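A quick write-up on the structure given underneath.
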Amino acid sequence: MKASYRWLRELLPDLNASPDEVAERLTHAGIEVEGRHEYGKGTEECLVVKVTAIRPHPSKSGLRLVTVEREAGKTQEVVCGAPNVPEPGGLVVLAPLGVHLPAKGLTIAPRAIGGVNSEGMLCSESELGLSEEHGGIIILPSGLAEPGTPLATAVPNARDTVFEIGLTPNRPDC
């Protein structure tokens with residue numbers, strides 16, 4: 001059986017224990033926690049950004065240069081190969097330089113792609129460890145947050161721990 005830490009907190013609003021403490025308490029109560037999976041690790045450092053311009057890559061077909069607004073008046077350019085980049089005004093998720101994405105074991109560093117410097121990466125759900133979906137980048141609802149807002153603040157549900165609990169037939173109460 002799987003149980004979400006967020007879900008447990010909704011059921012038990014006074015629960016102030018960390019995921020590690022919850023796993024330990026469940027185990028001490030005779031409920032075996034076989035594993036834990038963290039989803040959305042790294043979302044604290046990723047930012048909501050607004051697409052301001054899109055143009056084809058000058059030397060690599062299939063790639064585009066996407067200009068995004070990180071905060072009012074501050075833009076940067078990212079090389080992107082995703083097929084679903086929204087029109088200017090759309091909100092997406094940026095992993096800025098230096099951010100580590102544990103789901104892929106990747107630290108974002110400056111890269112020259114076809115002679116063009118990319119200053120970060122626009123992220124898919126799989127790159128953030130939110131799901132296995134990797135067919136395109138995350139497109140956020142319009143008006144969700146201002147550019148520069150950390151993704152974990154804009155979408156608090158983006159981060160969770162899921163416990164894998166081993167239940168035996170003699171514990172129907174669980």
Side-chain angles (χ1 to χ4, degrees), residues 4-19 37-58 60 62-162:
S4 159
Y5 176 70
R6 256 193 359 252
W7 177 70
L8 292 172
R9 298 267 329 249
E10 286 175 21
L11 292 173
L12 306 165
D14 294 334
L15 178 66
N16 293 321
S18 70
H37 304 283
E38 291 189 45
Y39 293 94
K41 202 170 182 182
T43 59
E44 302 86 0
E45 298 177 71
C46 291
L47 304 174
V48 173
V49 294
K50 181 169 49 172
V51 175
T52 59
I54 305 167
R55 61 188 175 99
H57 191 287
K60 297 278 187 182
L63 296 180
R64 293 183 274 183
L65 305 179
V66 182
T67 304
V68 296
E69 180 181 3
R70 283 184 65 157
E71 54 190 75
K74 185 175 180 186
T75 62
Q76 70 181 72
E77 192 167 65
V78 179
V79 177
C80 183
N84 67 330
V85 176
E87 294 298 317
L91 297 177
V92 295
V93 179
L94 171 74
L97 297 177
V99 168
H100 181 70
L101 301 177
K104 296 295 180 187
L106 173 69
T107 300
I108 306 302
R111 275 182 56 183
I113 302 171
V116 177
N117 288 328
S118 185
E119 302 173 7
M121 182 173 85
L122 301 183
C123 298
S124 70
E125 289 181 14
S126 70
E127 290 159 342
L128 295 178
L130 300 173
S131 77
E132 297 300 316
E133 178 60 42
H134 61 281
I137 60 173
I138 297 171
I139 299 175
L140 300 168
S142 176
L144 175 71
E146 292 296 315
T149 303
L151 180 62
T153 301
V155 184
N157 296 339
R159 180 87 196 263
D160 198 5
T161 299
V162 175

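Only heavy atoms go into these numbers, but all of them, side chains included; no hydrogens, no water, no symmetry mates. Source: prediction; values computed, not measured.
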Original post:
Can you check side-chain hydrogen bond (donor to acceptor under 3.5 Å, both in side chains) on Glu127 and Ser124, steps first, answer last?
Top reply: CA-CA 5 Å; Glu127 290 159 342; Ser124 70; 3.3 Å; yes
**OP:** Under the side chain to side chain contact (heavy atoms under 4.5 Å, CB included) rule, what do Val116 and Glu77 come out as? Steps first, then yes or no, please.
**Re:** CA-CA 9 Å; Val116 177; Glu77 192 167 65; 4.1 Å; yes
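The shortest heavy-atom contact between Ala145 and Leu91 is O-CD1, 3.8 Å. Across Pro86 and Ile137, no two heavy atoms sit closer than the pair CD-CD1, 4.2 Å. Across every non-hydrogen atom of Val78 and Met121, the tightest pair is CG1-CA, 4.0 Å. In terms of heavy-atom proximity, Pro147 sits nearest to Glu69 at CB-O, 3.3 Å. Gly120 approaches Ser118 most closely through the heavy-atom pair O-OG, 3.1 Å. The minimum heavy-atom distance linking Pro58 with Leu65 is given by the pair CD-CD1, 3.8 Å.
Between the side chain of Arg9 and the backbone N or O of Ala17 there is no donor-acceptor pair closer than 3.5 Å. Between the side chain of Gln76 and the backbone N or O of Glu119 there is at least one donor-acceptor pair closer than 3.5 Å. Between the side chain of Thr67 and the backbone N or O of Thr52, no donor-acceptor pair lies under 3.5 Å. The backbone N or O of Ile113 sits less than 3.5 Å from a side-chain atom of His57, completing a donor-acceptor pair.
Here Arg159 pairs with Glu38, Glu44 under the salt bridge (charged side-chain N to carboxylate O under 4.0 Å, His left out) rule; sequence neighbours left out.
Taking CD of Glu125 as the start and CD of Glu132 as the end, the distance is 10.5 Å to the nearest 0.5 Å. Distance check: Arg70 CZ to Leu94 CG gives 6.0 Å after rounding to the nearest 0.5 Å.
Residues Leu101 and Ile108 have side chains in contact (heavy-atom distance under 4.5 Å, counting atoms from C-beta outward).
For residues 102-116, every residue pair satisfying the side chain to side chain donor-acceptor pair (under 3.5 Å) rule, not counting sequence neighbours, is listed here: His100-Thr107.
Of the residues listed (Leu130, Val155, Val92), the one engaging Ile138 in a side chain to side chain contact (heavy atoms under 4.5 Å, CB included) is Leu130, and it is the only one.
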